[in-house]
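To start, the structure itself, in structure tokens.
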Amino acid sequence: ALGAFSAMEKGIFVSCSAGNSGPFNFSLSNEAPWILTVGASTIDRKLRAVAVLGNNEELEGESAFQPKDFPSMQLPIVYPGLNISDFRAAYCTPSSLNNTDVKGKIVLCEIGGGTTRIAKGQAVKNAGGIAMILLNIERQGFSTAADSHVLPATNVNYEGTQKIIAYINSTSTPTATIVFKGTVIGDKSAPMVASFSSRGPSRESPGILKPDIIGPGVNILAAWPISVENNSNTKSTFNIISGTSMSCPHLSGIVALLKSTHPDWSPAAIKSAIMTSADIVNLSDTLIEDERLVPANIFATGAGHVNPSKANDPGLIYDIEPRDYIPYLCGLNYTNRHISVILQRKVNCSVESSILEGQLNYPSFSIMFGSSSQTYTRTMTNVGEANATYTVNIVPPQGVSVTVKPPTLNFSDLNQKLTYEVTFRRLDTASNTTNSHGYLLWKSSKHSVRSPVAVFETKL
Ligand SMILES: *[C@@H]1O[C@H](CO)[C@@H](O)[C@H](O)[C@H]1NC(C)=O
Ligand SMILES: *[C@@H]1O[C@H](CO)[C@@H](O)[C@H](O)[C@H]1NC(C)=O
Ligand SMILES: *[C@@H]1O[C@H](CO)[C@@H](O)[C@H](O)[C@H]1NC(C)=O
Ligand SMILES: *[C@@H]1O[C@H](CO)[C@@H](O)[C@H](O)[C@H]1NC(C)=O
Ligand SMILES: *[C@@H]1O[C@H](CO)[C@@H](O)[C@H](O)[C@H]1NC(C)=O
Ligand SMILES: *[C@@H]1O[C@H](CO)[C@@H](O)[C@H](O)[C@H]1NC(C)=O
Ligand SMILES: *[C@@H]1O[C@H](CO)[C@@H](O)[C@H](O)[C@H]1NC(C)=O
Ligand SMILES: *[C@@H]1O[C@H](CO)[C@@H](O)[C@H](O)[C@H]1NC(C)=O
Ligand SMILES: *[C@@H]1O[C@H](CO)[C@@H](O)[C@H](O)[C@H]1NC(C)=O
Ligand SMILES: *[C@@H]1O[C@H](CO)[C@@H](O)[C@H](O)[C@H]1NC(C)=O
Ligand SMILES: *[C@@H]1O[C@H](CO)[C@@H](O)[C@H](O)[C@H]1NC(C)=O
């Protein structure tokens, strides 16, 4: 955050991973408001590997290793975690399979236990196993990984895990095979939030909604410095990996494109363009879901999924000057010494103004309900057509009333700035556990400028 502040002051945009500690609330990192905080979503490509059980049940899964010659006959399956009290065997940690007969069998391995998915495959292979089925645990839900495995393998979702465990419990001779179906493009559930993608609210500054955005971060195919199969005679140095470390560079690339078409835009202006134009629906035009296949929470998606073409022409932007962060930091009650460390120069909050977090000119709202009513102002800069009339559409979070003054903004010039005031009032009928979301949408004949609104209890 300190380095990013100095970079931002010099007009350098900083895009960071939200973290891979999801799906738990408050699991974010890199949440400073001068940083773009990026969560991870799926893309519409699946690398299918279907586990077919002895009872003919088919379980969807994924693998980047797609052998052409894997036999289609049923093979015995073994679940080392079932009988052996040593939990390491359930996770197929290295050399944990010594006391299990896995030779010639398909081995079921649970994800986790400090061993990577690929290393589990290596352990199975070393012990003589013929293939592996990786079992998602509950919190991973429907998020699956297509890894470059060292043996035939598939990663099934948690529904698949439950089915396969019920199946092996139902027979003394459980069998399965894996059918590799290759690459399938056009998965309409994309973009879907990955289970590992870290979630808000932000601990450090709950009045700023984080993450800001989600972008492609699951099963990303990219160049890799070494051969993944240790083959020194190949130049095919590619790999597939997942993580918010894959999604934040997607956003960096998009920022570079936006910077080239709008060289005069500040880092905050570019962030605003990305956030207010983001998509909130999946490819089948319904709300973006998370790993449980339920509509994703705003603390998982932030403003939504990045839409680069729309971000290039946002209509309006919420800009922030570097000096605007001083009243924000003073309002967080940081000491003068702490703020001076961030700014790399002396600051005295007694002579600076101080604002609530929600008053920073951010493109989103994160409202903690302690008091009954909160009012903030926002200033928008016109970067679309010189003459444009924008009218606000409000979708209030449940249990909250939202009023905006004025409800119409008439721009008559490029780079003109106009200000509005928004008041959030808790309704008497709201339950004590209000945690909901909505949005403000400023619409002109050409543009839609959307600001997400999150509302939550301080003790979420
Ligand atoms: C996060 O908080 C929400 C709202 O209280 C709750 O519904 C959800 O279950 C929480 N998620 C986790 C993973 O704890
Ligand atoms: C589990 O134990 C039962 C009975 O003790 C045995 O029949 C079965 O083969 C064992 N399964 C595995 C996977 O070791
Ligand atoms: C498994 O076998 C390997 C090689 O023989 C040995 O090094 C390792 O200690 C054994 N592990 C366990 C858990 O018995
Ligand atoms: C296995 O089957 C038994 C008897 O039908 C049942 O009680 C038990 O809950 C099952 N266990 C699992 C993990 O499905
Ligand atoms: C897209 O999301 C909606 C829910 O918002 C869901 O019903 C639909 O199944 C998703 N699309 C696909 C193809 O999964
Ligand atoms: C590749 O080779 C390196 C160095 O010899 C070794 O450390 C590593 O375990 C090998 N990886 C695989 C997947 O065999
Ligand atoms: C900062 O201190 C003031 C005065 O004590 C208090 O009202 C306010 O809630 C504090 N702000 C934060 C973000 O802790
Ligand atoms: C900060 O400003 C206040 C009010 O002018 C003054 O009393 C105080 O000495 C200043 N602190 C520092 C460290 O300069
Ligand atoms: C904007 O509208 C005003 C008044 O209607 C007009 O004078 C002006 O030429 C228009 N500007 C542009 C760029 O169209
Ligand atoms: C904007 O213009 C419309 C008509 O074009 C008018 O009704 C409205 O009052 C104006 N709003 C403001 C805030 O000036
Ligand atoms: C909310 O909490 C207060 C005090 O804790 C309680 O008196 C009130 O009945 C609660 N309201 C609702 C709607 O649950």
Side-chain angles (χ1 to χ4, degrees), residues 8-9 11 13-15 31-38 202 205 207-213 251 254-255 258-259 262 264-278 280 298 302-304 306-307 310-328 331 355-367 374-385 388 390-394 402 404-411 413-424 437-444 446-454:
M8 175 276 297
E9 279 187 308
F13 192 101
V14 181
S15 162
E31 60 247 75
W34 48 88
I35 288 174
L36 182 77
T37 311
V38 188
S202 158
S205 185
I208 301 288
L209 176 60
K210 291 282 175 170
D212 292 306
I213 195 83
L251 269 294
I254 291 163
V255 169
L258 295 173
K259 186 87 187 160
H262 304 285
D264 56 324
W265 283 5
S266 69
I270 294 176
K271 180 198 273 184
S272 172
I274 288 173
M275 288 172 62
T276 61
S277 63
I280 58 169
I298 197 167
V306 60
N307 183 326
K310 283 195 189 160
N312 194 40
D313 182 21
L316 302 174
I317 52 181
Y318 294 88
D319 208 354
I320 301 175
E321 301 281 328
R323 65 171 176 275
D324 298 337
Y325 292 109
I326 299 171
Y328 160 80
I355 58 168
L356 294 172
E357 297 159 77
Q359 181 57 28
L360 189 67
N361 201 39
Y362 214 72
S364 56
F365 296 88
S366 180
I367 309 298
Q374 298 174 29
T375 299
Y376 301 107
T377 60
R378 287 288 188 275
T379 299
M380 301 191 293
T381 309
N382 183 18
V383 297
E385 287 73 41
Y390 282 86
T391 304
V392 74
N393 295 4
I394 302 170
V402 180
V404 172
K405 282 193 283 199
T408 301
L409 292 170
N410 297 329
F411 289 91
D413 237 328
L414 276 182
N415 297 317
Q416 184 187 359
K417 290 179 189 292
L418 290 175
T419 295
Y420 69 88
E421 193 178 272
V422 53
T423 300
F424 302 95
H437 50 93
Y439 57 84
L440 303 184
L441 178 70
W442 288 92
K443 256 181 108 63
S444 73
K446 296 232 171 81
H447 293 105
S448 291
V449 186
R450 188 178 163 281
S451 282
V453 177

With Y325 via side chain to side chain donor-acceptor pair (under 3.5 Å) - residues at least two apart:
none
Any side-chain heavy atom of I317 within less than 4.5 Å of one from M380?
no
Would you say D413's side chain and Q416's backbone share a donor-acceptor pair under 3.5 angstrom?
no
Between Y439 and F365, is the ring centroid distance below 6.0 Å?
no
Just by distance, do the side chain of R378 and the backbone of Y362 share a donor-acceptor pair under 3.5 Å?
yes
Any side-chain heavy atom of N382 sitting closer than 4.5 Å to one from L316?
yes
Which atom names give the shortest non-hydrogen contact between E9 and P322, and what distance separates them?
CG-CB, 3.9 Å
Within-4.5 Å side-chain heavy-atom neighbours: L209 and P452
yes
Restricting to non-hydrogen atoms, name the atom on K210 and the atom on P33 that form the minimum distance, rounded to 0.1 Å.
NZ-CA, 4.1 Å
What I'd like to find out is whether the side chain of L440 reaches to under 4.5 Å of the side chain of V422, using heavy atoms alone.
yes
Mind listing the closest non-hydrogen atom pair of F13 and P267 along with its distance?
CE1-O, 3.3 Å
Answer yes if the side chains of E357 and S205 hold a donor-acceptor pair under 3.5 Å, and no otherwise.
yes
Answer with yes or no whether the side chains of K417 and T381 bring together a donor and an acceptor at under 3.5 Å.
yes
If only atom types and distance count, is the side chain of S15 paired as donor or acceptor with the main-chain N or O of L251 below 3.5 Å?
no
How many angstroms lie between NZ in K271 and OG1 in T276, if you round to the nearest 0.5 Å?
12.5 Å
Which pair of heavy atoms, one from G315 and one from Y390, lies closest together, and at what distance?
CA-OH, 3.4 Å
Quiz question: by atom type and distance under 3.5 Å, do the side chains of N361 and T379 form a donor-acceptor pair?
no
With sequence neighbours excluded, residues passing ring pair (Phe, Tyr, Trp, His ring centres under 6.0 Å) with H437:
none
Strictly by modelled atom types, are T377 and Q359 linked by a side-chain donor-acceptor pair under 3.5 Å?
yes
Considering all heavy atoms, the nearest A273-A311 contact
CB-O, 3.4 Å
